[in-house]
Amino acid sequence: MDINLNLNLKDISSELNVHPAYLSREFSRHFNDLSFGEYIRKLRIDKAIGLLENPAYSLSEIAYLTGFSDQSHFTRIFKKQTGQNPSVFRKNLQKGKKDTKG
């Protein structure tokens with residue numbers, strides 16, 4: 001499963017032959033005023049939400065698979081973006097599935 005989002009501005013700007021500052025400035029113009037870092041964190045959280053639906057993955061595994069340095073960093077960013085910590089979010093997902101099964 002290749003979902004580890006280890007993209008960085010320096011590598012991408014080098015690949016595109018543009019200065020990182022220029023790429024950063026242009027990036028936010030085209031991605032709803034999100035900085036490159038904010039956008040990558042958003043992608044990581046979106047991937048994490050999908051993985052949280054699968055109880056086979058621990059929170060530590062999800063943090064690793066989505067490119068966070070550790071589970072506490074993952075939890076902090078997840079809560080900042082969703083308003084819930086990942087374990088509560090997962091419980092609510094599972095509860096929602098049970099409620100729809102009737």
Side-chain angles (χ1 to χ4, degrees):
M1 182 179 312
D2 184 19
I3 56 172
N4 198 340
L5 298 167
N6 286 322
L7 304 172
N8 70 60
L9 192 63
K10 184 179 177 186
D11 290 346
I12 293 171
S13 63
S14 175
E15 187 72 25
L16 296 172
N17 268 341
V18 297
H19 194 276
Y22 173 78
L23 180 59
S24 179
R25 186 172 53 250
E26 289 300 308
F27 190 93
S28 66
R29 282 187 188 165
H30 297 281
F31 288 90
N32 300 324
D33 289 327
L34 292 175
S35 73
F36 180 79
E38 291 166 336
Y39 182 75
I40 295 300
R41 285 187 290 279
K42 179 187 178 314
L43 291 178
R44 289 176 174 169
I45 295 303
D46 289 347
K47 287 288 187 183
I49 288 170
L51 292 171
L52 285 168
E53 293 177 0
N54 184 343
Y57 291 112
S58 71
L59 294 181
S60 294
E61 288 172 316
I62 292 171
Y64 170 75
L65 288 170
T66 53
F68 288 94
S69 56
D70 58 47
Q71 185 179 336
S72 75
H73 183 229
F74 164 62
T75 299
R76 188 172 62 252
I77 299 300
F78 191 95
K79 187 171 184 174
K80 184 177 180 182
Q81 288 197 14
T82 67
Q84 298 178 351
N85 71 39
S87 58
V88 170
F89 192 93
R90 175 179 263 174
K91 285 178 189 171
N92 289 335
L93 279 175
Q94 291 169 348
K95 183 181 176 204
K97 284 183 180 181
K98 287 179 186 174
D99 290 346
T100 59
K101 288 182 181 176

Report the distance from atom [atom1] of [X] to atom [atom2] of [Y], rounding to the nearest 0.5 Å.
| X | Y | atom1 | atom2 | value |
| --- | --- | --- | --- | --- |
| Ile45 | Lys80 | CD1 | NZ | 11.0 Å |
| Leu51 | Arg90 | CG | CZ | 8.5 Å |
| Lys91 | Asn85 | NZ | CG | 8.0 Å |
| Thr75 | His73 | OG1 | NE2 | 10.5 Å |
| Phe74 | Lys79 | CZ | NZ | 13.5 Å |
| Lys47 | Thr66 | NZ | OG1 | 10.5 Å |

Do [X] and [Y] touch side chain to side chain, with heavy atoms closer than 4.5 Å?
| X | Y | result |
| --- | --- | --- |
| Ile40 | Leu43 | yes |
| Ile49 | Phe78 | yes |
| Ile77 | Arg44 | no |

Q | Cluster overlap Val88 with Tyr57, hydrophobic side-chain contacts below 4.5 Å | A |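 No, Val88 does not connect to Tyr57 through the hydrophobic network.
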
**Q.** Minimum heavy-atom distance Glu38-Asp33, with the two atoms named
**A.**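 Result for this residue pair: OE1-O, 4.0 Å.
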
Show every donor-acceptor pair shorter than 3.5 Å between a side-chain atom in residues 19-30 and any protein atom, with sequence neighbours excluded, or say none if there are none.
{"residue": "His19", "atom": "ND1", "partner": "Ala21", "partner atom": "N", "Å": "3.0"}
{"residue": "Glu26", "atom": "OE2", "partner": "Arg29", "partner atom": "NH1", "Å": "2.7"}
{"residue": "Ser28", "atom": "OG", "partner": "Arg25", "partner atom": "O", "Å": "3.1"}

Q.
Restricting to salt bridge (charged side-chain N to carboxylate O under 4.0 Å, His left out), what partner residues turn up for Glu61, sequence neighbours left out?
A.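 With sequence neighbours excluded, Glu61 shows a salt bridge (charged side-chain N to carboxylate O under 4.0 Å, His left out) to no residue whatsoever.
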
Q. Is there a side chain to side chain contact (heavy atoms under 4.5 Å, CB included) between Leu59 and Leu52 once you walk through the steps?
A. CA-CA 8 Å; Leu59 294 181; Leu52 285 168; 3.6 Å; yes

